[in-house]
Asks: 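Before we start, here is the structure in question, set down as structure tokens.
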There are 2 protein chains.
Amino acid sequence: MSRFDATENRINLTHQRFSSYPREPAMLVRLVKAISQHVHDTANLVLRQYGLNHTDYNVLMMLYGCQQEGMTVTQLRDAAAEKSANVTRVCNILCDRGWMARYADPQDRRRVLVSLTPEGEALVEQFLPSMSSLLNQYGAAFDARETAQLETLLKRLLGVAEQIEREL
Amino acid sequence: MSRFDATENRINLTHQRFSSYPREPAMLVRLVKAISQHVHDTANLVLRQYGLNHTDYNVLMMLYGCQQEGMTVTQLRDAAAEKSANVTRVCNILCDRGWMARYADPQDRRRVLVSLTPEGEALVEQFLPSMSSLLNQYGAAFDARETAQLETLLKRLLGVAEQIEREL
DNA sequence: TCGGAATAGTTCATTTGTGTACTATTCCGA
DNA sequence: TCGGAATAGTACACAAATGAACTATTCCGA
């Protein structure tokens, strides 16, 4: 079926060779990486016609989702699952193109607030139909109950992953 | 709780602003990306002491899991969820360091077979305890039933993601 | 069986992403 | 209230990843 079957076999074999290597979590982690990669590639393909990539999209969407008030670079980093340095780089590009703006936070002058310009909002609304239909295709694989289950389990996994990283 | 809550709010708001943007799949995709990133970062941190990164690890483990017979570069590409060009690059490094070897496939001379050297196997067995314990920490978040559920749902999502990409 | 199409892998220029060091600002305990 | 620790963001050199073009080989239908 899926190309993943071969991977599953290799994981099983590794577990046989080295028994403390746990089959189940290894599977989960590989699955997540594979899905993430396919989603990334597909999104890149769709977004290319707008001169954007998946990372740009993730950033723009988070800004769109917080409306006028804007958000800080750190919030953007967490929301887009990128490193600060990369967020800075992407923001430079998006600002240069006139889709977003930076301004100092009067409350805390270490912070930089970012938000979409009207041009940025227009851009988002231009690609949103394509991207929504793409997302709907993923969603079509599950009924409501499965979606909820998957979401719950993934949230838990994310929580654990965050904690493990923090404690390291 | 998790830093993800803010993202969830933004997704909800976006759905309100633009109703065809589907909340659930957007959540799933964002969760997967966030988990993938945290796993990647954590693995990089652990593997650094061995002079490796997460991609190297993914490649080495797939080779370890197919024992002596070896595998082709394309199989490795699918197994590691990387692009061919990147697999070539990583293999160059791992070959240079003496951990894996390339040889022509006598059956089909377009193909290149790759496999671990004895030094490569020794390296894998050196980092495997740390990495196994890391994986076990992820696994500890779920009971057997939940693990099985999550695995099933993720396999389905992967299948869909592969298909959507193929059809694009 | 010939020749165009498909497949496997690499090369290379470019884009994307990261670690680290640094500046500026704020926090907070003595 | 002073000063060291923590936090926010950026700069920059370097590492990792990608798209596209290319070579070699195999496939397969006329």
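By convention in this document, chain letters (A, B, ...) are assigned in the order of the sequence lines, proteins followed by strands, and residues within each chain are numbered from 1. Everything numeric here is computed off the predicted structure, so don't read it as measured data. Computed over heavy atoms, backbone and side chain alike; hydrogens, waters and symmetry mates excluded.
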Asks: Using purine N1 to pyrimidine N3 plus N6-O4 or O6-N4 for Watson-Crick, or N1-O2 and O6-N3 for G-U wobble, each under 3.5 Å, what pairs with D:dG9?
Replies: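 Looking at the geometry, D:dG9 pairs with C:dC22.
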Asks: May I ask which nucleotide in the shown strands pairs with D:dA30, Watson-Crick or G-U wobble, both distances under 3.5 Å?
Replies: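 Answer to the pairing question: C:dT1, which forms a Watson-Crick or G-U pair with D:dA30.
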Asks: OP1 or OP2 of C:dC27 versus the side-chain N and O atoms of A:Arg109: is any pair under 4.0 Å?
Replies: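 It does not, given that no N or O in the side chain of A:Arg109 lies less than 4.0 Å from OP1 or OP2 of C:dC27.
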Asks: Going by atom types only, do A:Asn92 and A:Arg89 share a side-chain donor-acceptor pair under 3.5 Å?
Replies: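 Side-chain D/A pair, A:Asn92 to A:Arg89: absent.
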Asks: Between D:dA15 atom P and B:His40 atom NE2, what is the distance in whole Å?
Replies: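 Computing the B:His40:NE2 to D:dA15:P distance gives 15 Å.
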Asks: So which protein nitrogen or oxygen atoms get under 3.5 Å of nucleotides 6-9 of chain D's nitrogens or oxygens?
Replies:
| residue | atom | partner | partner atom | Å |
| --- | --- | --- | --- | --- |
| D:dT7 | O2 | A:Arg110 | NH1 | 3.0 |
| D:dG9 | OP1 | A:Val73 | N | 3.1 |
| D:dG9 | OP1 | A:Val112 | N | 3.1 |
| D:dG9 | OP1 | A:Val112 | O | 3.3 |
| D:dG9 | OP2 | A:Thr74 | N | 2.7 |
| D:dG9 | OP2 | A:Thr74 | OG1 | 2.1 |

Asks: Report the residues that fulfil side chain to side chain donor-acceptor pair (under 3.5 Å) with B:Asp105, sequence neighbours left out, ordered by chain and then residue number.
Replies: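 Partners of B:Asp105 under the side chain to side chain donor-acceptor pair (under 3.5 Å) test: none.
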Asks: Would you kindly give the CG-to-P distance between B:Asp105 and C:dT10, to the nearest whole Å?
Replies: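 After rounding, the reported distance stands at 13 Å.
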Asks: Whole angstrom is fine here: how far is it from CZ in B:Arg89 over to C1' in D:dC14?
Replies: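 Distance check: B:Arg89 CZ to D:dC14 C1' gives 12 Å.
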Asks: Other residues, nucleotides and ligands only: do more than 12 of their heavy atoms fall within 6.0 Å of CZ on A:Arg166?
Replies: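 Above 12, so yes.
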Asks: When we call it a touch if two heavy atoms are under 4.0 Å apart, what does B:Asn53 touch: a base, just sugar-phosphate, or nothing?
Replies: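 Result for B:Asn53 = sugar-phosphate.
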Asks: Expressed in angstrom and rounded to an integer, what is the separation of A:Glu82 atom CD from C:dT15 atom C1'?
Replies: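 Interatomic distance, CD of A:Glu82 to C1' of C:dT15: 13 Å.
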Asks: Among all residues two or more places apart in sequence or in another chain, which pass the salt bridge (Lys or Arg N to Asp or Glu O under 4.0 Å) test with A:Lys155?
Replies: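 Only A:Glu151, B:Glu8 meet the salt bridge (Lys or Arg N to Asp or Glu O under 4.0 Å) criterion with A:Lys155.
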Asks: Charged N to carboxylate O under 4.0 angstrom, B:Arg110 versus B:Asp108?
Replies: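 Answer for the salt bridge query: yes.
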Asks: Heavy atoms from C-beta onward define the side chain here; which of C:dC12, C:dT18, D:dA11 lies closest to that of A:Asn92?
Replies: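 The answer is D:dA11, which lies nearest to the side chain.
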Asks: Would you say D:dA20 has OP1 or OP2 under 4.0 Å from some side-chain N or O of A:Arg48?
Replies: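 It does, given that an N or O in the side chain of A:Arg48 lies less than 4.0 Å from OP1 or OP2 of D:dA20.
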Asks: I'd like to know if the side chain of B:Arg156 and the backbone of A:Phe142 have a donor-acceptor N/O pair within less than 3.5 Å.
Replies: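 No.
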Asks: Between A:Asp56 and A:Pro106, name the one whose nearest nucleotide on DNA chain C is closer to the 5' end.
Replies: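 The residue mapped nearer the 5' terminus is A:Asp56.
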Asks: Test side chain to side chain donor-acceptor pair (under 3.5 Å) on A:Gln16 and A:Asn12; report intermediate values, then the result.
Replies: CA-CA 6 Å; A:Gln16 282 171 31; A:Asn12 288 335; over 6 Å; no
Asks: In whole angstrom, what separates B:Lys33's NZ from C:dT16's P?
Replies: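 Answer to the nearest Å: 12 Å.
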Asks: Over how many whole Å does the gap from A:Leu47 atom CG to D:dG19 atom P extend?
Replies: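 Going from CG in A:Leu47 over to P in D:dG19 covers 13 Å.
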Asks: Looking at C:dT10, which nucleotide sits across from it as a Watson-Crick or G-U wobble partner, both distances under 3.5 angstrom, or is there none?
Replies: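 D:dA21 - that is the nucleotide pairing with C:dT10, both distances being under 3.5 Å.
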Asks: Round to a whole Å and report the spacing from NE2 of A:His54 to P of C:dT16.
Replies: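 Atom-to-atom, A:His54 to C:dT16, this comes out as 13 Å.
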Asks: When the distance from NZ of B:Lys83 to P of C:dA13 is rounded to whole Å, what number comes out?
Replies: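 My rounded result for the distance is 21 Å.
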